[in-house]
Amino acid sequence: MATRTILTDKDPILHKICKPVEKFDERLWQLLDDMADTLKKADGVGLAAPQVGVLRRVFIMDVGDGLRECINPTILEERGVQECTEGCLSSPGEYGTIKRPATVKLQAQNRHGKFFIVTLDGLAAQCASHENDHLDGILFKSKVERMLTPDELR
Ligand code: ZN
């Protein structure tokens, strides 16, 4: 069990574009394992590698149906729109309303480099869209329509 520090959105690392993963080796597996521990401890639904200071195209998510590891992800298709309330582990205590695709068709590689394609909807689509944005240095606050006020968060 090893957790890593989650950077906040003031950190310049979170605004950079991540590089593809080329080696599917023990170093990657250690990163994935540490990210899983970090996500669990933070009680979040998704975490991208740049949030723990690693500029590689990796994110993990767990919206309650098990852990999903996505390496070098590509969104092949987006369908529909959902109006979401969203936050980010790198922006603690801040939430806003945002539009995300209702359905996302995602291609990625697993920890051994094997390609897979999955179709996600609802919270999973929102999460994949949010985490995929992190890999291009895009934070939810740059897309948010309206930040919730402290009163609305109660
Ligand atoms: Zn985030």
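Counting starts at 1 for both ligands and their atoms, following the listed order. Hydrogens, waters and symmetry mates play no part in the numbers below; they use all other heavy atoms, side chains included.
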All N/O donor-acceptor pairs, side-chain side in residues 7-14, below 3.5 Å, sequence neighbours left out:
from  : atom 1 : to     : atom 2 : distance (Å)
Asp9  : OD2    : Ser91  : OG     : 2.6
Asp9  : OD2    : Lys141 : NZ     : 3.0
Asp11 : OD1    : Ile13  : N      : 3.0

Item to complete: Give a yes or no on whether the backbone of Asp34 and the side-chain of Thr38 come within a donor-acceptor separation of less than 3.5 Å.
Response: yes
Practice prompt. Might you confirm whether atom CZ of Phe24 has over 12 heavy atoms from other residues, nucleotides or ligands at distances under 6.0 Å?
Written response: yes
Worksheet item: Are side-chain N/O atoms of Gln82 and Gln126 paired as donor and acceptor at under 3.5 Å?
Response: no
Discussion item. Suppose the cut-off is 2.8 Å; which protein N/O/S atoms would you list for the Zn ion (ligand 1)?
Written reply: Cys88 SG, His130 NE2, His134 NE2
Discussion item. Between the side chains of Arg4 and Asp33, is the shortest nitrogen-to-carboxylate-oxygen separation below 4.0 Å, so that they form an ion pair?
Written reply: no
Discussion item. Keeping Glu152 on the side-chain end and Thr149 on the backbone end, is there a donor-acceptor pair under 3.5 Å?
Written reply: yes
